[in-house]
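Take a look at the structure below.
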Amino acid sequence: MTTVPSDNRPARRPFPSGFAWGAATAAYQIEGATTEGGRTPSIWDTFSHTPGRTENGDTGDTAVDHYHRFREDVRLMADLGLTAYRFSIAWPRIQPTGRGPLSQPGLDFYRALTDELLEHGITPAATLYHWDLPQELEDAGGWPARDTAYRFAEYAALTAEALGDRVPTWITLNEPWCSAFMGYAAGAHAPGRTDAADALRAAHHLNLGHGLAVGALRAALPASARLSVSLNLHAVRPRSDRPEDREAARRIDAVGNRIFTSPMLKGRYDDDLLKDTAHLVDWDTLVHDGDLAETSRPIDLLGLNYYAPTVVSSPANGERLPREDGHGTGSHSVWPGAEDVAFHRANEDVTAMGWPIDPTGLSDTLTALHHEFGLPLLVTENGAAFDDTVSPDGTVHDPERTAYVRDHLEAVADAIAAGADVRGYYLWSLMDNFEWGYGYSKRFGIVHIDYATQKRTPKSSAHWYSEAIRRGGLD
Ligand code: FCB
């Protein structure tokens, strides 16, 4: 599905000069080398090594061996013409116990990686937390414990001091919704806990950790540094205009989106969210005086991760999809206080994840964010999994992924045309990798990985993206 019929498309869609043409990855999904250089286990090491947690028992032990092959990977990015790269820093690699001084070998790795990027003219954007909490901090209570927010701010400060001279864009958290609700309510992500109240506590401490980290980063970084956070905001649509379906959408918007955007960008928790979840958690004790001033420290850019829209209805009006949360089902609801809302597939045109393809959710969300918050925006993730196959001649032809990316870039151009200040697009993902609970069974890369040999092969979508970058936009 496209937002503008192809015969109506202007010859060239306008992307601002200096637009970041990027790709994104995350440490646990690509690095491997999980025991090298003093790295300790994260919650994802523990979780993936627990029988039954991931497809085929897959783990990130080797992943795509990026830790040893990063030079080859940066060359690949340069060959494709990427101007920007979003990666994440593994907390247990550079602060193995989750507190105290940083580890030299860990820092050396990220110094070498960022040097390599800069030498190739690729601007790095570093995510501080893409789900790999040091296991030691989980053992001390994890995100439901308030202290984790302070530990995160300390880690952010030390990391910024060490790498701040070479990384201009810093993203505090990746998708705190997944950390809180997939990790602590549904149990489908690490650490695999299933306690709705703990998930809400985790959400507040992620907000607090974000804000404390923003303060620490500002103090440690040059004035030119740009601070951001990547949120997987749900493009929520009621299935019909009926009041009960609109009410279902309000509830999912509250616990799926506004639980992060309101404290981070408005300095408050919304009354309707507090009411929907009052039976689960005592917000007055959870949120201390002064917390909301911390959570809402100003950021420079808002990062959006977008894959598919979310269609909901009242419980009486519909189906409940098996993969309502997009990352596999847990044994418990991922929606505390909105457990009975029904989810519907937006359309039947889906990716290998079963996620409906609908770029209008991206243009709508960017436009809505622009109107509501007025901040410059980044698309920090967007992309699609398909069941790619290697042709006998060794090439990988993935026209569905090319169409997905092209149509979503059109949606970005639509949002820009409507006034949104979108500064960059980071395609998920540079290469196939460990897709969390799905292990290696889902391929999101524009570069194919042969997991037996670690051979990298750019797919036809990579060649298409490369051309689009060279043209500075879309034809
Ligand atoms: C996002 C995650 C990313 C990847 C994509 C497919 O939710 O941030 O790591 O798994 O989904």
Side-chain angles (χ1 to χ4, degrees), residues 22-31 42-44 47-48 53-55 58-60 63-64 66 85-91 125-133 171-183 186 188-190 206 210 228-235 256-257 260 302-310 323-330 334 350-357 361-362 365 378-388 400-401 404-405 408 425-447 449 461:
T25 63
Y28 190 70
Q29 296 181 273
I30 63 165
E31 284 181 3
S42 74
I43 54 176
W44 266 99
F47 187 79
S48 65
R53 292 303 205 172
T54 65
E55 209 150 316
D58 287 345
T59 72
V64 306
H66 173 74
Y85 175 56
R86 171 180 178 239
F87 64 99
S88 84
I89 294 171
W91 188 348
T127 304
L128 282 162
Y129 185 71
H130 202 125
W131 307 352
D132 41 7
L133 187 71
I171 294 160
T172 55
L173 304 173
N174 179 69
E175 302 190 357
W177 179 84
C178 288
S179 299
F181 298 108
M182 297 290 287
H189 277 186
L206 285 154
H210 158 80
S228 185
V229 61
S230 290
L231 301 178
N232 58 319
L233 297 173
H234 302 82
N257 298 332
F260 299 107
L302 181 58
L304 172 68
N305 293 357
Y306 173 83
Y307 291 90
T310 303
R323 288 186 172 162
E324 66 194 44
D325 46 51
H327 283 269
T329 41
V334 75
V350 297
T351 69
M353 298 294 279
W355 298 350
I357 302 175
L362 178 55
T365 307
L378 288 176
V379 177
T380 40
E381 283 181 28
N382 174 246
F386 290 104
D387 296 326
D388 305 312
E400 306 97 327
R401 186 173 290 102
Y404 181 99
V405 173
H408 285 76
Y425 176 89
Y426 294 82
L427 199 162
W428 186 273
S429 181
L430 174 67
M431 44 197 173
D432 296 335
N433 59 47
F434 175 78
E435 178 46 37
W436 309 113
Y438 293 93
Y440 298 99
S441 70
K442 302 292 178 203
R443 294 181 177 271
F444 273 91
I446 52 171
V447 174
I449 302 282
S461 58

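Values below: all heavy atoms of this structure, side chains included; hydrogens, waters and symmetry mates excluded. Order of appearance sets the numbers: ligands from 1, and atoms from 1 within every ligand.
Per-residue contacts place W436 under 4.0 angstrom from the following atoms of ligand 1 (heavy atoms of the residue considered): 3 (C), 4 (C), 9 (O), 10 (O). In the vicinity of N174, heavy-atom distances shorter than 4.0 Å reach the ligand 1 atoms 8 (O). Using a 4.0 Å cut-off to heavy atoms of E435, the atoms of ligand 1 that qualify are 4 (C), 6 (C), 10 (O).
The shortest N or O to N or O distance between W428 and ligand 1 is not under 3.5 Å.
S179 and Y129 share no donor-acceptor pair across their side chains, judged by distance under 3.5 Å alone. There is no side-chain donor-acceptor pair under 3.5 Å between Y28 and S88.
In terms of modelled atom types and a separation under 3.5 Å, the side chain of D58 and the main chain of Y440 share a donor-acceptor contact. No donor-acceptor pair closer than 3.5 Å links the side chain of N174 to the backbone N or O of H130.
A heavy-atom distance below 4.5 Å is not found between the side chains of F444 and I446. Using a 4.5 Å cut-off on side-chain heavy atoms (C-beta onward), Q29 and W436 make contact.
For atom 5 (C) of ligand 1, the nearest non-hydrogen atom from the set Y307, W355, F444, W131 belongs to Y307.
Put simply, part of H130 is less than 4.0 Å from ligand 1, judged by heavy atoms. Not close to ligand 1: N232, with no non-hydrogen atom less than 4.0 angstrom away.
Proximity of Q29 to ligand 1, defined as any heavy-atom pair under 4.0 Å, is confined to the side chain (atoms from C-beta onward).
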